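Notes to accompany the following structure.
All values reported here derive from a predicted model rather than from experimental measurement. Just so you know, ligand 1 is whichever comes first in the structure, and atom 1 is the first atom listed for that ligand.
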Amino acid sequence: MSISQQIMDQTEETVLHTYNRFPVVFDHGDGVYLYDADGKQYLDFGAGIAVFALGYGNRDYNNALKGQIDKLIHTSNLYYHRPLRDAAQQIISHTGMSKVFFTNSGAEAIEGAIKAARKYAYMADGSNDHEIIAMRHSFHGRTVGALSVTGNSHYQDPFKPLMGGVRFADFNDLDSVKAEVTEKTCAVIMETVQGEGGIYPSDPAFIKGVRELCDEKGILLILDEIQCGMGRTGNWFACDGYGVKPDIMTMAKALGCGVPVGAFVLNEKTAAQSLAAGDHGTTYGGNPFACAAVAKVFELFDEMDLVSHVRKTAPYLEKKLDELVEKYDFLACRRGMGFMQGLVVKDRPVGDIVKSALNNGLVILSAGSDVLRFVPPLVITESDIDEMTDRLEASF
Ligand SMILES: *Cc1c(COP(=O)(O)O)cnc(C)c1O
């Protein structure tokens, strides 16, 4: 039996089977490539689900983490430390928001955002039956609170009853959002660009309309930028591209480029009247190791001018994907922004294409039931894009 097979079998014996994993054992990465335990090379257009934006083996990033490991990995949130200040300053200066809370994951950032919105409304009127409007086909994570605002019955049904006070509207349909507003509405939560649901960018008129509606009714707007933030769309955060500012924003995925960390960020108005000492906490969240990663990620993004690189290179990816849509009848259309792109597949199981691509040395993802998802490391070049489309076409 091969070593890879042994590792896969022994993993399945012990790890709860909540994922149908692809039969590959990744061993190491270098730049935009991954290598499996047998030395086979894969071009990575998945980036560990939109996480590893810097590519693998960035020396400055790795050295920053190694340095922090030798100094101090963890202290708890009972004390101050330098990486916390540094990471927080970076987030505040890059978002224009006012205050940040660090979490260990995206789902936890959503949990915090929900609590912050409810506390804000509670401070305003003293009642505790507030409602949140969320979108159908959204994805906000798997913890019970985050699941409660995730508009997908497949994810929700086995785990009901979930958190109450959630109403669902249709994404990109402003009237359907207006129809769900009541006296009790405290927040609207949505992804700026829906990811897992199938790569749907907000229509500009929709997201601006939601912002206006929220302002008019005194409702907080929570934008989930966990997948679409951190430069992926060619702006620091996708909402920047629309000229829309949320009251609360969540981030994770590329925030630590592989070190597990998330955050929710509040604007000044929300921060002034929401979570206070004793209202929220976490043992690990924002520890020195995670914060050293976050601070270095922002520093490197700026040094490498990565956001402009995405903006400059994305039209080439779009052009190549559009050419595929022209050429193949089973590709219905392309949707997306920047390096967050989807190809809609008809008449073929999308999972088969993802598997076939893997055989051909290409990592891509699916989204929803019928979308091929491309969320590469942000450092890819035009020649990487050419190589991707070659390997993809070989997989068709
Ligand atoms: C991945 C994701 C989450 C959940 O993040 P986890 O770290 O998996 O908990 C939430 N929202 C969006 C938009 C995501 O893409």
Just checking, is any N or O donor in the side chain of Q156 or T150 under 3.5 Å from an acceptor N or O on the other one? no
Going by atom types only, do D247 and Y120 share a side-chain donor-acceptor pair under 3.5 Å? no
Please work out whether the ring planes of Y35 and H28 are parallel, tilted or perpendicular, with thresholds of 30° and 60°. parallel
Centre-to-centre under 6.0 Å for F289 and H74, is that the case here? no
H94 ring center within less than 6.0 Å of F298 ring center: yes
M249 reachable from F102 in the ILVMFWY side-chain graph, under 4.5 Å edges: yes
Could you pull out every N or O of ligand 1 that sits under 3.5 Å from a protein N or O, with the distance for each pair?
| from | atom 1 | to | atom 2 | distance (Å) |
| --- | --- | --- | --- | --- |
| ligand 1 | 7 (O) | G106 | N | 2.8 |
| ligand 1 | 9 (O) | A107 | N | 2.8 |
| ligand 1 | 11 (N) | F139 | O | 3.3 |
| ligand 1 | 11 (N) | D224 | OD2 | 2.7 |
| ligand 1 | 15 (O) | Q227 | NE2 | 2.8 |
| ligand 1 | 15 (O) | K253 | NZ | 2.7 |

